[in-house]
Amino acid sequence: MKTTLWRLACLALFTLNLAQAAPYPLGNMTCKDIGAFASQAMQWRESGVPFTEAKTRLDQLRPEDSIEKKNLRMVMALVYGSYGDNWTVESAGTVMQVDCEASR
């Protein structure tokens, strides 16, 4: 439990520092939208949806090549990457929303 909390704290700090180093434009999305998508992508991952299928689902949600799509692809890569190993559906949304809000 102590190790998990330490890892989450380090992850949050890393994410926050990354966000401060390179804030991303949101287009028409809000930070709440980013967090909601992170939770949705985490739910896909926990349900066993492969990354390639998740990318297809994203394309169906946001078919245009826009800044929003780029942001969501970044979020999905984090969820399906090693960061997602430590997240739940709820924490993925929270971490990404906080990251977004900190980078403004």
| said: Tell me the closest heavy-atom pair linking Ala38 and Ala92, and the distance in Å. | reply: CB-O, 3.5 Å
| task | Classify the side-chain pair Ser91/Thr88 by whether it contains a donor and acceptor separated by less than 3.5 Å. | result | yes
| task | Taking atom CD of Glu90 as the centre, report whether more than 12 heavy atoms of other residues, nucleotides or ligands fall under 6.0 Å from it. | result | no
Please round to the nearest 0.5 Å and tell me the distance separating atom [atom1] of [X] and atom [atom2] of [Y].
X      : Y     : atom1 : atom2 : result
Met76  : Phe37 : CE    : CZ    : 5.5 Å
Asn71  : Arg73 : CG    : CZ    : 11.5 Å
Ile34  : Asp99 : CD1   : CG    : 9.0 Å
Gln60  : Arg57 : CD    : CZ    : 8.5 Å
Glu101 : Lys32 : CD    : NZ    : 10.5 Å

| query | Do the side chains of Glu53 and Trp44 get nearer than 4.5 Å, heavy atoms only? | reply | no
| task | Using a 4.5 Å cut-off on heavy atoms from C-beta on, say whether the side chain of Lys69 contacts that of Asp59. | result | yes
| query | Does Thr30 offer a backbone N or O that forms a donor-acceptor pair with the side chain of Asp33 under 3.5 Å? | reply | yes
| Which residue, Arg45, Lys55, Met42, forms the side chain to side chain contact (heavy atoms under 4.5 Å, CB included) with Tyr80? | Arg45
| task | Walk me through it: do Met96 and Trp87 pass the test side chain to side chain contact (heavy atoms under 4.5 Å, CB included)? | result | CA-CA 11 Å; Met96 292 312 304; Trp87 289 344; 4.1 Å; yes
